[in-house]
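Right, one structure below, let's go through it.
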Amino acid sequence: MSERLAGVLYSREQIAERVTTLGAELTGLYAGKPLVVICVLKGAVIFFADIVRELSAVHPELDFVRIASYGQNDRPESAISFTKDVELDLAGKHVLIVEDVVDTGHSMAFLRRQLEARGAASLRLCVLIDKGERREVPVQVDFAGFKLAEGFIVGYGLDYAERYRELPDIHLLELL
Ligand code: IMP
Ligand code: MG
């Protein structure tokens, strides 16, 4: 199977504008509070880098997780695990997860469940792309960059088979 880029869906300018707006909301919410911002590797890395630079008045701690899913369609939730866990102590701190896409919801349902057991003062999820129509399990999304009903997208950290993450804009991808 091959693929081709099929047009820009969100330009770098549109993304930057949303990041600025989200950053202002988040700064208002977290100013003066102990905050840990957690990047979900690898897809969120560029969004995370942009978001945390809008939080420079907050001085958050930064950490990273990686979760792997082994795509069993019959029981997807049973096949999700950490391949890299958080290293910081979350107890008593506010925690903001930054993720690229929430699709079926299984990955973020798993991550929220895991982190809820760590004694944080609050736990919120900021996602670049919320594919709400495709949800299979409910997930609370507290902040969303864009809502997308359909289509597979790449760029700005998002990949197809590990490629296209470096693109500055978000493109629709067509599978041929
Ligand atoms: P979920 O567990 O189905 O919500 O999976 C979400 C994960 O699927 C995201 O972290 C992405 O890695 C991946 N994903 C879903 N849709 C897209 C897309 O359009 N482009 C790139 N990755 C996607
Ligand atoms: Mg991902």
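Side chains included, hydrogens not; waters and symmetry mates left out as well; all remaining heavy atoms used. Counting starts at 1 for both ligands and their atoms, in listed order.
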Completion exercise
Any heavy atom of M108 under 4.0 Å from ligand 1? The part involved is neither
Exercise for the section: Work out whether the distance between some heavy atom of R134 and some atom of ligand 1 is less than 4.0 Å. Expected result: no
Handout entry: Polar side chain donor-acceptor pair, Y156 to D100, under 3.5 angstrom
Key = no
Handout entry: Close approach of G43 to ligand 1, heavy atoms, under 4.0 angstrom
Key = no
Practice task
Any atoms of ligand 1 less than 4.0 Å from a non-hydrogen atom of S107? List them with their elements.
Solution key: 1 (P), 2 (O), 5 (O)
Exercise for the section: Working to the nearest 0.5 Å, report the span between CG of L176 and CD of E3. Expected result: 7.5 Å
Problem - E99, portion touching ligand 1 at heavy-atom distance under 4.0 Å - result: side chain
Problem - Carboxylate-amine/guanidinium proximity below 4.0 Å for E166 and R163 - result: no
Handout entry: Ionic contact status for D142 with R112, cut-off 4.0 Å
Key = yes
Practice task
Consider every N or O of L158 and every N or O of ligand 1, then say whether any pair is closer than 3.5 Å.
Solution key: no
Exercise for the section: Decide, yes or no, whether a salt bridge links R12 with D50 under the criterion of side-chain N to carboxylate O below 4.0 Å. Expected result: no
Practice task
Taking the side chain as every heavy atom from C-beta outward, state whether E61 and K93 have any atom pair closer than 4.5 Å.
Solution key: yes
Practice task
Please could you name the atoms of ligand 1 that K131 approaches to less than 4.0 Å, counting only its heavy atoms?
Solution key: 16 (N), 17 (C), 18 (C), 19 (O)
Problem - 4.0 Å heavy-atom contact, D159 with ligand 1 - result: yes
Problem - Shortest non-hydrogen contact from R18 toward G145 - result: NE-O, 2.8 Å
Handout entry: Close approach of V154 to ligand 1, heavy atoms, under 4.0 angstrom
Key = no
Exercise for the section: Could you check which of Y164, Y160, F152 puts a non-hydrogen atom nearest to atom 23 (C) of ligand 1? Expected result: F152
